[in-house]
Engineer: 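I have a structure here, written as structure tokens, and I will follow up with some questions on it.
What's counted below: heavy atoms across the whole structure, side chains too, no hydrogens, waters or symmetry copies. Nothing here was measured: the structure is a model prediction, and the numbers come from that model.
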Amino acid sequence: MRIAVVGRAATPPLEIRLEQDSLLRVLCPSSEPSHAQAVSPSFPVLEQFSAIHLFPEEDGPDGLRQLDTLLSAIRATPHGALIPIIVEGAVTAHVQALANQWPGSRAMHLETVIEHREALEASEARDDQVLAPFERLMRWWSLYPEHVLAVSLAAELKAGCHWPLLSAWGIEAAAQRNLLDAFEHRSWIEEKALVTRTRHCRQCRSVHLNYVDVCPRCRHLDLTPLDGLHCFACEHVDRMDRFAQHDQLSCPKCRVRLRHIGVDYDRPLESLACGKCDLWLVEGEVEAHCLDCGQTQQPGELVQQRIASLQLSGEGRRAVAAPDKVGMSTSLPGQRVVPSDLHHMLDLLVPLARRHSHRHLLMVLSHDRDGEHDLLEGMAQRLGSLLRDTDLICEYTAHQWLFLLPHTPRERFEDVALRIQSLTDLKHLDGQLNMSLEMHELPSEHHSGKASQWLPNLLVGPPSSVPESLSVSESA
């Protein structure tokens, strides 16, 4: 495998060959200078990287596997996630999913891409390492608007599929669907090619389902095939074992001896017998049993999803080309309200929730540093991609944004938290921006009286603990 690093567009054409391990060491962030840099002063530093050329030299499956592995390793690094990768002389499904140009693909104007990427890096205080998945995908498509996000079926995953580029970035398969749903909600993406349709468990969204026939009377699955007989004399139809009398066949209804098939009797269609309630039936009812969570459901209750490769729509191209003009807040669902309107809605919703046993979710996004209003608003806008049209968004104070999600019970909290984590990557952001996201279930015994009185006290109260796997805090 020959690897070459292309220099910046502003410099004279520069192409330096290097080994795979040396490339990955430079792409991975480190406080120590790389060994290759220490050995050779001419070794390019990260700031000189603008594109990577790969030239597979080994033919056959082993060479292609080596190429696929290297592509995944590059995309998994913070600085290699968005860098242009040009592959010469080989095409695989992985190359089409992770590289930017291969033999026969649409030509890419490399200098334009490099200049655009440099402009993006200059406009952001954060580098690629701490980009949330939503922002990273937005930046990817702004660099490569013609790129088709390829999908790959994977029977071992609960989701049944994954998008290799998103997987290389370290996004879990379940979170990938949530991320793409945020783009689809804005009508920014469209299907390029439909691969298949899958059915998922309505509870855990797993594709691992077992379809079984059950007895329609007792719902037991112990059904065994059973032959039946049809007596011509009295037209009686019953199970074959009920016609057997002393090693011969006779009708249990008219007692006529059945000697010749086609003359005295015939065999109707095969049937089933329930081993629990002894019901004789022609066919059972089909149920879907989830192999991951054990949920039982009817086939019509399953969640159907279309598995397809995706590309930017016309609206999406305008969004990635001029994100500031599109405006994230103008395209978000939910209703923007002022604090007084939020108080008024809580005064209506909380008493109704007590009366009808409803549950609401109040999310509080906050930070304790001055001068971070723009960062906080940007985070609030990303969280807004999870909202429904009936949810409320409120900039409550300079340090706090509130999100009210009516009719969201406690058992949905973890699902909401995982969706938030997939879009905002709070694990990275929390350490740098000192942000926190708390979840409060409404109502409780503390939420009495006017919201203008109890809400400020709720926002300063300590949150209760949540599982360590979640990057949010939750309280009741």
Side-chain angles (χ1 to χ4, degrees), residues 1-6 18-21 23-28 46 49-58 61-110 113-114 116-117 120 128-129 131 133-154 156-157 159 161-173 175-177 179-180 183 189 192-193 195 307-312 320:
M1 176 80 65
R2 288 193 297 118
I3 304 173
V5 176
V6 182
L18 66 164
E19 298 297 325
Q20 174 175 328
D21 292 343
L23 171 66
L24 296 178
R25 278 199 299 270
V26 176
L27 290 176
C28 290
L46 183 64
F49 281 37
S50 61
I52 298 174
H53 277 191
L54 301 179
F55 306 88
E57 296 178 323
E58 184 178 348
D62 291 340
L64 295 179
R65 278 195 295 268
Q66 181 185 6
L67 173 62
D68 291 347
T69 301
L70 177 59
L71 279 171
S72 295
I74 294 173
R75 290 301 184 206
T77 63
H79 301 301
L82 303 177
I83 195 168
I85 300 178
I86 299 174
V87 178
E88 302 287 350
V91 180
T92 67
H94 223 57
V95 169
Q96 296 184 50
L98 301 185
N100 304 108
Q101 190 172 356
W102 57 90
S105 69
R106 181 175 298 183
M108 177 181 61
H109 196 278
L110 185 58
V113 173
I114 293 172
H116 188 185
R117 184 164 179 257
L120 287 174
D128 295 346
Q129 182 179 359
L131 280 178
F134 185 91
E135 292 177 337
R136 177 172 286 183
L137 188 55
M138 278 284 290
R139 182 177 288 191
W140 171 273
W141 261 322
S142 71
L143 292 170
Y144 317 109
E146 302 298 330
H147 183 86
V148 175
L149 196 63
V151 67
S152 177
L153 298 180
E156 69 277 7
L157 299 176
C161 69
H162 72 112
W163 284 264
L165 178 64
L166 305 184
S167 296
W169 288 347
I171 305 175
E172 298 292 335
Q176 292 177 22
R177 173 63 69 176
L179 172 61
L180 295 174
F183 277 76
I189 55 176
K192 173 66 174 180
V195 176
I307 307 301
S309 57
L310 303 170
Q311 64 183 4
L312 283 176
V320 300

Engineer: Roughly how far, to the nearest 0.5 Å, is the CE atom of Met138 from the CG atom of Leu143?
Structural biologist: 11.5 Å
Engineer: Do side-chain atoms of Trp102 reach the backbone of Gln96 as a donor and acceptor pair under 3.5 angstrom?
Structural biologist: no
Engineer: For Ser309 and Ala150, work out which heavy atoms get closest and say how close.
Structural biologist: CB-CA, 4.2 Å
Engineer: Can you find a heavy atom in the side chain of Leu149 that is under 4.5 Å from one in the side chain of Trp140?
Structural biologist: no
Engineer: A side-chain contact here means heavy atoms from C-beta on lying under 4.5 Å apart; do Ile85 and Leu98 qualify?
Structural biologist: no
Engineer: Looking only at heavy atoms, what is the nearest atom pair of Ala173 and Leu157, with distance?
Structural biologist: CB-CD1, 3.9 Å
Engineer: Please answer whether the main-chain N or O of Leu70 pairs with a side-chain N or O of Arg75 as donor and acceptor at a distance below 3.5 Å.
Structural biologist: no
Engineer: Should Arg65 and Asp68 count as an ion pair when the cut-off is N to O under 4.0 Å?
Structural biologist: no
Engineer: Taking side chain as C-beta onward, heavy atoms only, is Val95 less than 4.5 Å from Leu54?
Structural biologist: no
Engineer: Mind listing the closest non-hydrogen atom pair of Ala90 and Leu67 along with its distance?
Structural biologist: CB-CD2, 3.9 Å
Engineer: If you round to the nearest 0.5 Å, how far is NE2 of His94 from CG of Leu64?
Structural biologist: 12.0 Å
Engineer: Strictly distance-based, threshold 3.5 Å: is any side-chain N or O of Ser72 a donor or acceptor partner for the main-chain N or O of Thr69?
Structural biologist: no
Engineer: From the options Leu179, Val320, Ile171, select the one residue that forms a side-chain contact (heavy atoms from CB on, under 4.5 Å) with Leu137.
Structural biologist: Leu179
Engineer: Of all residues at least two apart in sequence or in a different chain, which pass the side-chain hydrogen bond (donor to acceptor under 3.5 Å, both in side chains) check with Glu146?
Structural biologist: Arg106, Arg317
Engineer: Tell me whether Asn100 contacts the main-chain N or O of Ile86 through its side chain, where contact means a donor paired with an acceptor under 3.5 Å.
Structural biologist: no
Engineer: Taking everything shown except Gln311 itself, do over 12 heavy atoms lie less than 6.0 Å from its CD?
Structural biologist: yes
Engineer: How long is the straight-line distance from CD1 of Ile307 back to OG of Ser152, given to the nearest 0.5 Å?
Structural biologist: 11.0 Å
Engineer: Look up atom NZ in Lys192 and atom NE2 in His147, then write down how far apart they are to the nearest 0.5 Å.
Structural biologist: 12.0 Å
Engineer: What is the distance from atom CD1 of Ile83 to atom OG1 of Thr77, rounded to the nearest 0.5 Å?
Structural biologist: 8.0 Å
Engineer: Specify whether Phe134 and Phe183 have parallel, tilted or perpendicular ring planes, treating 30° as the upper limit for parallel and 60° as the lower limit for perpendicular.
Structural biologist: tilted
Engineer: Looking at Tyr144 and Val113, would you say the former's side chain and the latter's main chain have a donor-acceptor pair under 3.5 Å?
Structural biologist: no
